[in-house]
Structure formats: C-alpha cells, structure tokens
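Keep in mind that the numbers below use all heavy atoms, side chains included, and drop hydrogens, waters and symmetry copies.
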Amino acid sequence: NRGAQCFPVCAILKLLLARLRSGQKAVVSIDEIIHILVANQCTGEEPIEHYARLLPRQYIPAEAEVRQVRELVRFISQISVLKWVLPNLFLDIDANDSAAVGYVEKLGQPEKHDRKADEARELLELGKTGDLGIVPLLPTLAGEADVFFSEGKPKRVTHLRYERSSKLRELFFVSKRTPYLCDMCLLDVTRQYPWSTNLLEVHHLLPLASPLRVEERKTSLSDLVGICPNCHKATHLYYKGWLDSYNQEDFVSSKEAHDVYRLAKTSIVLHN
C-alpha cells in the first residue's frame with residue numbers, strides 16, 4: 001500500500017528504549033524483531049509504553065522478510081548508538097545518560113513526508129539531510145577521528161567523530177594478542193604511560209561513513225587496527241594525501257583502503 005507509512009527503525013529503537021527503561025538489557029535479536037514487532041504489526045508511531053507491553057506472537061515469516069529484517073539491522077547498526085553482533089542489535093548507551101537517551105528518543109520519532117511517485121527518487125530523498133545530501137554527523141560517546149566523504153561533489157567533508165561503540169572497542173582489544181601495542185609505530189602505550197589504561201584508538205581501515213561500508217554490508221574485526229592518537233591522525237592525513245594524488249573522493253574498495261593503510265605504515269619514520 002503506497003499510501004501507508006511504516007517506520008521499522010523507529011519501532012526497533014522504541015523497543016530497545018523500552019527495555020532500557022525497564023532495567024533490562026537494551027538488546028534485541030532478529031528473531032525478536034520478527035515475532036514481536038512484525039507479528040504485532042508495529043508501525044513505529046506507537047508510544048514507547050506500547051513497546052514495553054508487547055509479547056511475541058506466533059508468526060511464520062517469508063524467507064524474503066527475514067532477509068529484509070537482517071539487512072535493515074545491518075544498515076541501522078551504522079547509527080552511532082547502535083552495535084550489531086550477530087544476531088543481536090545493542091543500544092549502546094547508559095540509562096543514566098539523559099542526553100543520550102533523549103537523542104535516541106528523538107531519533108525514534110517518525111517524520112512523515114509526502115510519498116513520491118518515483119520510488120527511486122523517494123530513496124534518494126530519504127538519504128538527504130537538508131540541502132547538502134550528506135549523512136548527518138550523529139552525537140557519539142567516546143573519542144575517535146574519522147574522515148567522511150560526500151558523494152557526487154568535488155569536495156571532501158571532514159568531521160571529528162567520536163568512537164561509536166564501547167562494545168566494539170572491547171571486542172576488538174579482547175581479540176588482540178598485544179592489545180596495548182600501536183599497530184603503526186609499535187609504541188607500547190601502557191609502558192610509555194604507566195599511570196594509564198589502554199590509550200589506543202580503534203581505527204577503521206575503511207572510513208566509517210564510506211558508502212562502501214554500507215554497500216558491502218559487513219564490518220569485521222579484520223577491518224580494524226589499534227593505533228595511538230598521533231598515528232591515528234597521521235593515518236587520516238596520509239589517506240587524504242593519497243586520495244588527492246589520485247583525484248579520488250573515496251576508496252574504490254575495502255582492499256584499496258587496506259592497501260593504503262599498509263603504505264602509510266611502511267612510510268612511517270621510526271626513531272630509536
């Protein structure tokens with residue numbers, strides 16, 4: 001029905017907020033999205049209190065429906081306050097952080113617009129922010145610099161972005177054999193600064209907001225490295241210089257981004 005509007009992202013956020021408010025873990029699985037939100041025909045317009053009362057229902061989804069839910073969850077996990085660890089989507093905020101909770105509440109409020117006759121045009125309009133056509137910089141939680149690239153214009157837009165997920169950081173460093181060693185300059189941050197905990201930052205070899213990250217529909221720990229703040233800033237400067245030298249707005253593939261990082265790593269001048 002082209003006249004009806006449903007807001008599945010808002011429904012998912014409201015379910016997560018309802019669980020956060022009730023003291024539960026703010027996590028939802030793909031199966032729960034199907035049997036709680038889809039089966040109960042949630043539109044995303046209902047108040048958060050409605051989602052607190054929802055119970056799962058018997059429902060047999062079509063294979064295409066399950067695939068659509070999975071792809072939606074992968075896509076919205078790009079939002080700074082969300083983290084997807086198959087098969088669960090986490091709301092990665094503190095219940096006592098009123099600013100973060102307020103932000104998610106606002107994000108969960110549907111915005112109704114007139115439907116377009118052309119579906120392709122409608123998708124393009126959904127991806128726009130104001131007159132710029134640039135993905136908005138979302139408020140985030142801890143510190144990480146990333147470079148954002150706009151599409152279709154000969155101008156690069158750079159923002160200071162903050163690390164999107166403490167859970168991502170935790171998962172990454174737990175997986176590393178040498179979690180306190182900078183991958184770029186080999187600095188042992190705990191030895192250099194014995195009064196501190198791990199000062200390394202999580203660097204995304206392919207920039208966070210690159211369109212490729214969404215198109216390829218995957219993010220793995222192999223896409224990440226732990227580097228010190230100085231090397232992190234220097235790496236993004238190297239990325240900028242490399243892209244400028246080839247007159248590119250963005251990397252053409254994840255492999256290219258990984259290769260350029262290795263070039264930066266071999267170009268660093270180490271002092272004893």
Side-chain angles (χ1 to χ4, degrees), residues 4-97 100-110 126 138-142 163-175 202 204 208-209 213-224:
Q5 293 194 42
C6 182
F7 305 89
V9 176
C10 295
I12 293 170
L13 289 172
K14 286 181 176 179
L15 179 59
L16 288 167
L17 275 173
R19 291 183 170 181
L20 184 72
R21 286 181 173 182
S22 67
Q24 303 177 59
K25 288 185 177 180
V27 57
V28 64
S29 67
I30 292 173
D31 186 67
E32 286 178 311
I33 290 173
I34 292 171
H35 290 92
I36 295 178
L37 299 181
V38 178
N40 283 291
Q41 298 182 338
C42 295
T43 67
E45 296 187 82
E46 304 88 353
I48 293 176
E49 292 72 23
H50 172 78
Y51 292 85
R53 298 189 296 266
L54 287 177
L55 295 174
R57 298 179 60 183
Q58 289 293 330
Y59 183 75
I60 302 177
E63 183 178 339
E65 198 169 22
V66 176
R67 184 173 64 252
Q68 288 170 356
V69 170
R70 185 181 295 111
E71 295 306 320
L72 174 65
V73 169
R74 285 180 174 177
F75 178 76
I76 67 174
S77 67
Q78 301 292 318
I79 298 173
S80 59
V81 293
L82 297 177
K83 179 71 182 74
W84 187 53
V85 181
L86 187 70
N88 296 318
L89 183 70
F90 294 84
L91 179 60
D92 193 17
I93 64 173
D94 190 324
N96 297 316
D97 187 340
V101 171
Y103 165 68
V104 179
E105 289 175 346
K106 183 178 179 181
L107 198 63
Q109 294 305 314
L126 287 172
L138 300 175
T140 48
L141 304 176
E163 188 175 322
R164 302 163 64 234
S165 171
S166 58
K167 285 182 172 46
L168 175 64
R169 179 183 173 84
E170 178 184 346
L171 287 170
F172 172 73
F173 283 114
V174 164
S175 72
V202 177
H204 296 71
L208 268 175
R213 184 170 291 283
V214 177
E215 290 171 8
E216 294 185 357
R217 300 171 180 174
K218 65 178 182 179
T219 300
S220 70
L221 294 181
S222 64
D223 296 321
L224 310 173

ask   = Mind checking whether L89 and K83 have side chains closer than 4.5 Å, heavy atoms only?
value = no
query = Of the non-hydrogen atoms in E32 and V27, which two are nearest, and what is the gap between them?
reply = OE1-O, 4.1 Å
ask   = Do E65 and I34 come close enough that some side-chain heavy atom pair is under 4.5 Å?
value = no
task = For the pair Y51 (side chain) and I12 (backbone), establish whether a donor and an acceptor sit closer than 3.5 Å, ignoring hydrogens and angles.
result = no
key: Spacing of CD1 belonging to I30 relative to CZ belonging to R67, to within rounding of 0.5 Å   = 13.0 Å
ask   = What's the spacing between Y59 OH and I36 CD1 if we round to 0.5 Å?
value = 14.0 Å
key: Short N-O contact, R53 and E46, less than 4.0 angstrom   = no
note = For S29 and N88 the tightest heavy-atom approach is CB-OD1, 3.2 Å
pair L13-L82: side-chain heavy atoms closer than 4.5 Å = yes
remark   = Looking only at heavy atoms, the pair that brings V101 and A95 closest together is CG2-O, 3.8 Å
query = Does the side chain of L16 reach to within under 4.5 Å of the side chain of L20, using non-hydrogen atoms?
reply = no
task = Mind checking the CD-CZ spacing from E105 to R21? Nearest 0.5 Å is all I need.
result = 4.5 Å
query = Between atom OH of Y103 and atom CD1 of I79, what is the distance when rounded to the nearest 0.5 Å?
reply = 6.5 Å
request  = Would you name the heavy atoms of L107 and C10 that are closest together and state the gap between them?
outcome  = O-SG, 4.1 Å
message = Determine whether a donor-acceptor pair (N or O, by modelled atom type, separation under 3.5 Å) exists between the side chain of N40 and the backbone of L55.
response = yes
task = Verify salt bridge (charged side-chain N to carboxylate O under 4.0 Å, His left out) between K14 and E45, making sure each step is shown before the conclusion.
result = CA-CA 9 Å; K14 286 181 176 179; E45 296 187 82; over 6 Å; no
request  = To the nearest 0.5 Å, tell me how far Q68 CD sits from F75 CZ.
outcome  = 14.5 Å
query = Any idea which heavy atoms bring C42 and C6 closest together, and the distance?
reply = O-SG, 3.6 Å
request  = Check whether any side-chain heavy atom of L54 lies under 4.5 Å from a side-chain heavy atom of L37, and answer yes or no.
outcome  = yes
